[in-house]
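Within every chain, numbering begins at 1; the chains are lettered A, B, ... in the order of the sequence lines, protein sequences first and strands thereafter.
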There are 2 protein chains.
Amino acid sequence: MKKLPKPTESELSILRILWEHGPCGVRVVAGELSRERQKEVGYTTALKLLQLMHAKGLVERDETERSHRYSAKHPPETMQRHVVAEVADRIFGGSTTRLAMQALSSRQASPDELTQLKQLIEELEQKKGKK
Amino acid sequence: MKKLPKPTESELSILRILWEHGPCGVRVVAGELSRERQKEVGYTTALKLLQLMHAKGLVERDETERSHRYSAKHPPETMQRHVVAEVADRIFGGSTTRLAMQALSSRQASPDELTQLKQLIEELEQKKGKK
DNA sequence: TAGTGTCAACGAAACTTTTCGTAGATATGA
DNA sequence: TCATATCTACGAAAAGTTTCGTTGACACTA
């Protein structure tokens, strides 16, 4: 398994944009970033961040056109797993279960979501049983 | 409600130590911090961090003895709620439910924990129903 | 070809966070 | 009392992150 570098705050924002929009040029990223924060983000700022992310292996770059297109290297799920594990370790003593419980308690979920969750738990219990 | 400042990585490490040990002197914090990372953390480094955290209102300080004792100002639950909400916003599009599901999928929970979870979900469904 | 606009690359400034050296106060023990 | 140890406070260096000005390459068009 390869080690994927932990993204900074800004880098995470950019990943979110790329996940949502698919491959983007710098100008689009700068625009979205500006909208997301209250504040205008300069073109070169966004470019620099993308370049750093490319160097770190967080994004891929298509250079066939003069205006390069960037895309996230990893799907959201990979990063989410990573962050969840880290948060669990950092403040839930490594327990993803306690993390899940806190998440569920903190905001009201819809009945539909609760049903989904129950189903997931059923599956997990099945898997446990088989072993 | 008062606004609690977001702790940095180091600050979170220190909070974890204080939550676990209760009120501590600087030397203990420096020691635990050193053990947790692979690397020795100097006494003054730990002191400085604690002083900053005190200024930010993250920790409280008992100055009755010459060697001050620091303790976390907020219980772990408060910080956990905070972090969970932030993580949900930052990479799960605000959905704490999806965060919970990712957490459950990423590591195997014990049967006991699964039972607890089901119970929690039952309660949430009850609450929903009442309204 | 000259003028205009867009682009990537680079480097440095601005800002944040972490680390530690040093100074001065207070206690401890020979 | 004098030497030694422990502590807080302060400030600044070091490291990490974000921001942007400037440059030179390239493309379009008059």
Side-chain angles (χ1 to χ4, degrees), chain A residues 3-18 23-71 79 83 86 90-91, chain B residues 3-18 23-71 79 83 86 90-91:
Chain A
K3 195 182 77 182
L4 77 164
K6 180 174 147 236
T8 65
E9 294 289 279
S10 298
E11 290 171 346
L12 208 47
S13 299
I14 288 180
L15 285 177
R16 262 211 318 289
I17 290 166
L18 296 179
C24 289
V26 178
R27 200 156 291 284
V28 172
V29 172
E32 288 298 301
L33 219 45
S34 300
R35 204 160 51 75
E36 187 167 296
R37 313 179 179 181
Q38 253 67 346
K39 205 191 156 220
E40 181 70 16
V41 173
Y43 176 92
T44 50
T45 301
L47 172 63
K48 183 66 163 193
L49 284 168
L50 285 165
Q51 286 172 339
L52 287 171
M53 291 171 78
H54 184 245
K56 282 192 194 178
L58 283 171
V59 299
E60 282 171 338
R61 183 164 63 181
D62 174 0
E63 308 184 4
T64 54
E65 300 291 326
R66 182 158 96 97
S67 159
H68 301 171
R69 299 185 81 67
Y70 291 84
S71 51
M79 199 59 73
V83 172
E86 179 173 309
R90 293 200 78 71
I91 69 173
Chain B
K3 193 181 75 180
L4 77 165
K6 179 173 148 242
T8 65
E9 293 290 280
S10 299
E11 289 171 348
L12 208 47
S13 299
I14 289 181
L15 285 176
R16 259 212 320 291
I17 291 166
L18 296 180
C24 288
V26 177
R27 198 157 293 282
V28 171
V29 171
E32 289 297 303
L33 220 45
S34 300
R35 204 161 49 76
E36 187 168 296
R37 313 177 180 181
Q38 253 66 347
K39 206 191 153 218
E40 180 69 17
V41 173
Y43 178 93
T44 49
T45 302
L47 172 63
K48 182 66 162 194
L49 285 168
L50 285 165
Q51 285 172 339
L52 288 171
M53 291 171 78
H54 184 244
K56 283 191 192 179
L58 284 171
V59 299
E60 281 170 339
R61 184 165 61 183
D62 174 0
E63 308 184 7
T64 54
E65 300 292 326
R66 182 158 96 98
S67 156
H68 301 171
R69 299 185 81 69
Y70 292 84
S71 51
M79 201 57 75
V83 172
E86 180 173 309
R90 294 200 77 73
I91 68 171

Open item on the list: Could you tell me the boundaries of the chain A footprint on DNA chain D, defined by atoms under 4.0 Å from its heavy atoms?
Closed with: D:dT17 to D:dC26
Task: Residues in contact with DNA chain D, drawn from residues 49-63 of chain A - heavy-atom cutoff 4.0 Å - done: A:L52
[X] versus [Y], closest heavy-atom pair with distance:
X     : Y     : result
B:L58 : B:L15 : O-CD2, 4.0 Å
B:G42 : B:A30 : O-CB, 4.3 Å
A:A46 : A:V41 : N-CG1, 4.4 Å
A:L49 : A:L33 : CD1-CD2, 4.5 Å
A:Y70 : A:L18 : O-CD2, 3.6 Å

To the nearest 0.5 Å, what is the distance between [atom1] on [X] and [atom2] on [Y]?
X     : Y     : atom1 : atom2 : answer
B:R90 : A:M79 : CZ    : CE    : 13.0 Å
B:L47 : B:R27 : CG    : CZ    : 10.5 Å
A:L50 : A:E11 : CG    : CD    : 9.5 Å

Open item on the list: I'd like to check the side-chain contact (heavy atoms from CB on, under 4.5 Å) partners of A:L52; sequence neighbours left out, ordered by chain and number.
Closed with: A:K48
Task: For B:S67, side-chain contact (heavy atoms from CB on, under 4.5 Å) partners two or more places apart - done: none
Task: DNA chain C contacts made by residues 25-38 of chain A, counting heavy atoms under 4.0 Å - done: A:V26, A:R27
Open item on the list: The criterion is side-chain hydrogen bond (donor to acceptor under 3.5 Å, both in side chains); which residues satisfy it with B:E63, sequence neighbours excluded?
Closed with: B:R61
TODO: Under the side-chain hydrogen bond (donor to acceptor under 3.5 Å, both in side chains) rule, collect the residues that match up with B:K6, sequence neighbours excluded.
DONE: none
Task: salt bridge (Lys or Arg N to Asp or Glu O under 4.0 Å) contacts touching residues 33-45 of chain A (sequence neighbours left out) - done: A:R16-A:E36, A:E32-A:R35
Under-3.5 Å N/O pairs linking protein and nucleotides 26-29 of chain C:
{"unit_1": "C:dT26", "atom_1": "O2", "unit_2": "B:R66", "atom_2": "NH2", "d": "3.3"}

Open item on the list: According to salt bridge (charged side-chain N to carboxylate O under 4.0 Å, His left out), who are the partners of A:R66, at least two apart in sequence or on a separate chain?
Closed with: none
Task: Closest-nucleotide ordering on DNA chain C, the 5'-leading residue of B:E9 and A:L47 - done: A:L47
Open item on the list: Is any side-chain heavy atom of B:S71 closer than 4.5 Å to one of B:D62?
Closed with: no
Open item on the list: In whole Å, I'd like the distance from the CD atom of A:E65 to the P atom of C:dA8.
Closed with: 12 Å
For nucleotides 20-23 of chain C, tabulate all protein N/O to nucleotide N/O atom pairs closer than 3.5 Å, reporting atom names and distance.
{"unit_1": "C:dC20", "atom_1": "OP2", "unit_2": "B:G42", "atom_2": "N", "d": "3.4"}
{"unit_1": "C:dC20", "atom_1": "OP2", "unit_2": "B:T45", "atom_2": "OG1", "d": "3.2"}

